[in-house]
Structure formats: structure tokens, C-alpha cells
Amino acid sequence: MQTRRIAIFGATGSIGINTLDVIAQLGGKDAFEITAVTGNSNVAALARLAIEHGAAMAVTADESRYDDLKQALSGTGIEAASGASGLDEAASRENDIVMAAIVGTAGLAPTLKAAATGADIALANKECLVSAGPLFTDAVKRGGGMLIPVDSEHSAIFQVFEENQRRALDRVIITASGGPFRQMSLEEMRHVDAATARAHPNWSMGLKISIDSASMFNKALEMIEAQHLFDLAPGQVEVVVHPQSIIHSMVGYADGSILAQLGAPDMRTAIGYALAYPERRPLSVERLDFAKLARLDFEAPDETRFPALRLARLAMERGGLQGAVLNGAKEVALEAFIEGRCGFLQMAEITEGVMAEMDNLPAATTIDDVYKADSEARRRAAGLLRR
Ligand code: NDP
């Protein structure tokens with residue numbers, strides 16, 4: 001593999017740290033030149049990672065932490081930067097590939113910028129597709145880089161999606177573990193708190209995505225992501241609950257064949273695939289032992305207990321900026337749930353209420369359209385929460 005220049009957005013997060021681990025496994029400095037690592041509040045960790053992995057630049061998105069970062073990097077020769085301009089600079093560097101793993105809407109601007117430079121985008125951030133949709137996919141196309149999904153489900157679909165068979169494409173089937181509340185009654189779900197909701201049975205992830213997995217809002221976002229990523233009609237996106245998280249997703253074709261990608265639940269496989277694409281490189285991750293696995297289970301998702309899935313379908317059918325509205329409203333409800341100001345099931349009620357109020361926004365033509373829809377959805381969600 002030739003040395004590739006890479007910027008890691010969100011390096012201090014769960015995906016970022018796994019990315020650095022994969023880079024080390026793929027040959028470290030011989031295989032990758034790290035042009036930049038970015039973080040937000042966790043400046044000490046950011047500086048440590050930058051030094052450990054020989055990054056040329058470290059950026060904290062939080063301008064008030066710039067002095068701390070600069071001090072932590074003094075004498076290392078690593079450039080320190082902060083704020084939107086720092087992220088913009090990291091995105092504008094000559095990168096062959098960018099790992100887009102900033103959480104939330106904050107990831108949108110730097111990833112769009114990186115796409116415009118023609119770098120390949122290894123995409124973990126959800127908002128780029130859910131909120132910006134075609135604005136983002138068009139930016140990648142115009143830039144000329146590849147868009148390679150990192151989310152395990154989309155990576156799975158990407159790995160078995162036969163573009164030259166598109167006319168014979170029937171559907172994609174996204175698998176869902178069902179999260180920690182898969183078997184809980186509606187009444188019990190009314191009373192769960194954030195500490196219980198964050199305990200995912202199979203995957204180790206950041207706080208927000210863990211809770212989104214429990215409510216299946218994460219799966220809802222993945223449905224919308226899949227729609228944009230693979231240019232699908234809403235009816236072509238299905239979800240099936242598969243508690244073992246061994247099949248990471250599937251693609252069904254018109255002849256009845258279904259192709260699936262399987263593996264141990266470990267994000268490093270999807271990250272490694274994105275970083276080495278189009279090659280497959282050895283990774284030290286758990287190998288599946290089918291004799292030990294013995295069985296794989298499947299069940300239909302229950303949209304009464306997990307209304308997020310129904311809301312995703314609604315957003316896909318309505319189109320325009322409904323993805324941004326769903327996501328913005330959900331984020332406010334999620335924050336409120338984490339802080340104990342909103343019940344678990346109320347998150348979907350708030351989101352649905354805001355989606356109904358803002359159901360006719362056309363597709364974004366600029367990033368500002370996305371920000372406006374996002375902040376209006378957040379404002380309205382906060383209003384509904386106060387009622
Ligand atoms: P984490 O919360 O673990 O990490 C988020 C990263 O974003 C950190 O580096 C954090 O910096 C940085 N960050 C936080 N706020 C801002 C901001 N305002 N501006 C710039 N940077 C910021 O998240 P994950 O790694 O779990 O997830 C990253 C993205 O990937 C999310 O969009 C998630 O939905 C998606 N994803 C994650 C998966 C997983 O398995 N974890 C699977 C598939 C997708 P700091 O640490 O300094 O706060």
C-alpha cells in the first residue's frame with residue numbers, strides 16, 4: 001500500500017481512537033501520514049494522540065481551549081489550531097482520505113470542505129447524509145473522491161452492493177441489534193433512564209449513539225443514510241432485528257439472491273475496509289467461529305415500541321429537509337433525555353411533532369439551508385419540551 005495522507009476528524013472519539021488503532025495495524029507511519037487530528041473539549045487526549053501518532057497538526061473545535069492545546073504541543077513541532085477556521089484548514093490540506101468522525105452537525109462543514117478538495121471520505125458522521133443528503137453526495141461527486149461508509153451497516157451494504165446490477169436491485173436490509181430494550185414492554189420503556197439506555201449489548205460506542213441505538217433512532221438515521229448513499233427509493237430500505245449483530249446488513253436482488261456481510265461486531269473491520277479500499281488488509285480482530293455461534297436470530301422490528309423507524313420512513317417519503325428536521329429535533333430530545341428532562345418514549349413524540357410542523361421544506365441548496373432547518377427544528381423541539 002502506498003503511503004496515504006489522512007486527516008482524522010473526531011480523533012478523540014470512539015471511531016477516532018479505533019481509526020488510530022487500525023492505522024497502527026495497517027503499518028502506521030509507513031502506510032499513513034497523518035496531516036491532522038481534531039477534537040473538541042478533550043484537549044489533553046488530542047495532544048497526546050497527535051504526539052503519539054506523529055500528526056502534523058491538531059485542531060480543537062473549541063476556541064477557548066486553543067491556549068491549552070498550544071501549550072500541550074509546545075516543543076513538538078506539531079501545529080495547533082482551533083475553531084471553525086482550524087477545522088477548515090485541516091479539511092483543506094492535501095489529503096488522500098479523511099476520516100469524518102466528528103459527532104453531530106459540527107461535522108458537516110469540515111466534511112463538505114474535505115469533499116470539495118477531492119479527498120476520499122471515510123464517513124462515520126451521520127449528519128452529512130441525514131441532514132444534508134444530496135447536497136453532500138453531490139459535493140463528493142463534484143470533488144471526485146470516493147465516499148466510503150464507515151458505519152458497519154453501510155459498510156456491509158457497500159461491500160456487497162453490485163453497482164453493475166443496479167437494475168436488478170430489489171432492496172437493502174439493514175440489521176439492527178434491537179438494543180438493550182429489545183424485549184422490554186412499552187410501559188417499562190416509559191421509565192428507563194440514560195444510564196440504562198447507554199448499555200449496548202454488542203457494540204462499544206459514544207454516549208449519544210448508544211442511546212440512539214436503544215431508541216432505534218440510530219437505525220432511523222441509518223435508513224435515511226442508506227437512502228442517500230445508495231440512491232434508493234424509500235420502499236427499498238428495510239430493517240430486520242438481528243440480536244447477535246453478526247450479519248451487518250444485506251442486499252437483495254431481483255433473482256431472489258441476498259448477499260450479506262458478516263463479521264464480529266468490531267468497528268475496526270469497517271474502518272479498516274474504508275482505509276484500505278479497494279484492498280483488504282489483515283487486521284487483528286476476532287474471527288467468527290460458526291460452530292460456537294450456533295445460531296443467528298431474526299425478528300421484525302416493532303414500530304409501536306420503536307416509532308423512530310416509522311419516522312425515518314416518513315422523512316424518506318417526504319424528502320427535502322425532513323432528515324435535518326428529524327435529526328435536529330431528535331438531538332434536542334436526546335439531550336433532554338440525558339439530562340433527565342424528557343422521558344425515553346417522549347423523544348419520538350417530540351421529534352414527530354416537529355416533523356409535522358416543518359413538513360414542507362425543499363431540499364437544501366446550501367449548507368445554510370441545512371443549518372436553518374436544523375436550528376429551527378431544535379427551537380421548536382425545545383418549545384415542545386417546555387409545554
Ligand atoms: P464520540 O462522542 O466518541 O466522539 C466524537 C468526536 O467528535 C470527538 O473527537 C469529539 O471531541 C468531537 N466533537 C464533539 N463535539 C464537537 C464539535 N462541536 N466540534 C468538533 N468536534 C466535536 O462519537 P463516536 O466516535 O462514537 O461517533 C462519531 C460519529 O460517528 C458520530 O456521528 C456517530 O453517530 C458515528 N458513528 C459511530 C459509531 C461508533 O461505533 N461509535 C458507528 C457508526 C457511526 P472531544 O472528544 O474532544 O469531545
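Ligands are counted one by one from 1 in listed order, and the atoms in each one are counted from 1 as well. Just so it is clear, the model here is predicted, and its values are computed rather than measured.
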S.K.: At less than 4.0 angstrom from any non-hydrogen atom of Thr12, what atoms of ligand 1 do you find?
M.R.: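 In order of numbering, the contacting atoms are 8 (C), 9 (O), 10 (C), 11 (O), 45 (P), 46 (O), 47 (O).
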S.K.: Could you work out, for atom 23 (O) of ligand 1, the closest of Val150, Val103, Ile8, Asn125 by heavy-atom distance?
M.R.: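 Considering heavy atoms of Val150, Val103, Ile8, Asn125, the nearest to atom 23 (O) of ligand 1 sits in Val103.
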S.K.: For Asp255 and Ser257, test the side chains for any donor-to-acceptor distance below 3.5 angstrom and give the result as yes or no.
M.R.: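 Side-chain D/A pair, Asp255 to Ser257: present.
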S.K.: Please find out if less than 6.0 Å separates the ring center of Phe158 from that of Tyr277.
M.R.: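 Under 6.0 Å, so yes.
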S.K.: Based purely on interatomic distance, does Glu127 place a nitrogen or oxygen under 3.5 Å from a nitrogen or oxygen of ligand 1?
M.R.: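 Min N/O separation from ligand 1 is not below 3.5 Å for Glu127.
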S.K.: Decide whether Glu188 and Ser185 meet the rule of one side-chain donor and one side-chain acceptor closer than 3.5 Å.
M.R.: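 Note: Glu188 and Ser185 side chains meet the donor-acceptor criterion.
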S.K.: Decide, yes or no, whether a salt bridge links Glu376 with Arg380 under the criterion of side-chain N to carboxylate O below 4.0 Å.
M.R.: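 Arg380 and Glu376: salt-bridged.
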S.K.: Tell me whether Glu94 at atom CD has more than 12 heavy atoms from other residues, nucleotides or ligands lying less than 6.0 Å away.
M.R.: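 Not more than 12 within 6.0 Å, no.
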S.K.: With respect to Gly13, determine whether any N or O atom, backbone or side chain, lies less than 3.5 Å from an N or O atom of ligand 1.
M.R.: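 Between Gly13 and ligand 1, an N or O pair is found under 3.5 Å apart.
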S.K.: Taking atom CD as the centre, does Gln71 end up with more than 12 heavy-atom neighbours from other residues, nucleotides or ligands that are less than 6.0 angstrom away?
M.R.: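 No - once you tally the heavy atoms of other residues, nucleotides and ligands closer than 6.0 Å, there are 12 at most.
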S.K.: Identify which of Ala109, Ala101, Ala106, Ser152 has a heavy atom lying nearest to atom 6 (C) of ligand 1.
M.R.: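 Answer by nearest heavy atom: Ala101.
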S.K.: May I ask you to identify, for Lys126, whether its side chain, its backbone, both or neither come under 4.0 Å of ligand 1 on a heavy-atom basis?
M.R.: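 Contact part for Lys126 vs ligand 1: both backbone and side chain.
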S.K.: Just distances here: any N/O of Asn42 and N/O of ligand 1 closer than 3.5 Å?
M.R.: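 Among all N and O atoms of Asn42, at least one is under 3.5 Å from an N or O of ligand 1.
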S.K.: Using a 4.0 Å cutoff against the non-hydrogen atoms of Ala61, which atoms of ligand 1 qualify?
M.R.: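 In order of number, 19 (N), 20 (C).
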S.K.: Under 4.0 Å from a heavy atom of Ala124: which atoms of ligand 1 are those, numbered in the order shown and with their elements?
M.R.: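 Close to Ala124: 30 (O), 35 (C), 36 (N), 44 (C).
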S.K.: I'd like to check whether Ile209 has a polar contact with ligand 1, where a contact means an N/O of the residue lying under 3.5 Å from an N/O of the ligand.
M.R.: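 No, Ile209 has no N/O under 3.5 Å of an N/O on ligand 1.
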S.K.: For atom 29 (C) of ligand 1, which of Asn40, Val130, Leu207, Ile102 has the closest heavy atom?
M.R.: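 Going through Asn40, Val130, Leu207, Ile102 one by one, Ile102 has the nearest heavy atom to atom 29 (C) of ligand 1.
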S.K.: Considering distance alone, does some N or O of Asp151 sit under 3.5 Å from an N or O of ligand 1?
M.R.: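 There is no such contact.
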S.K.: Verify, without hydrogens or angle tests, whether Lys219 (side chain) and Asp212 (backbone) share a donor-acceptor contact under 3.5 angstrom.
M.R.: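 Such a contact is absent between Lys219 side chain and Asp212 backbone.
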S.K.: Please indicate whether Glu299 has more than 12 foreign heavy atoms, meaning atoms of other residues, nucleotides or ligands, lying under 6.0 Å from its CD.
M.R.: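 For Glu299, atom CD is crowded (more than 12 foreign heavy atoms under 6.0 Å).
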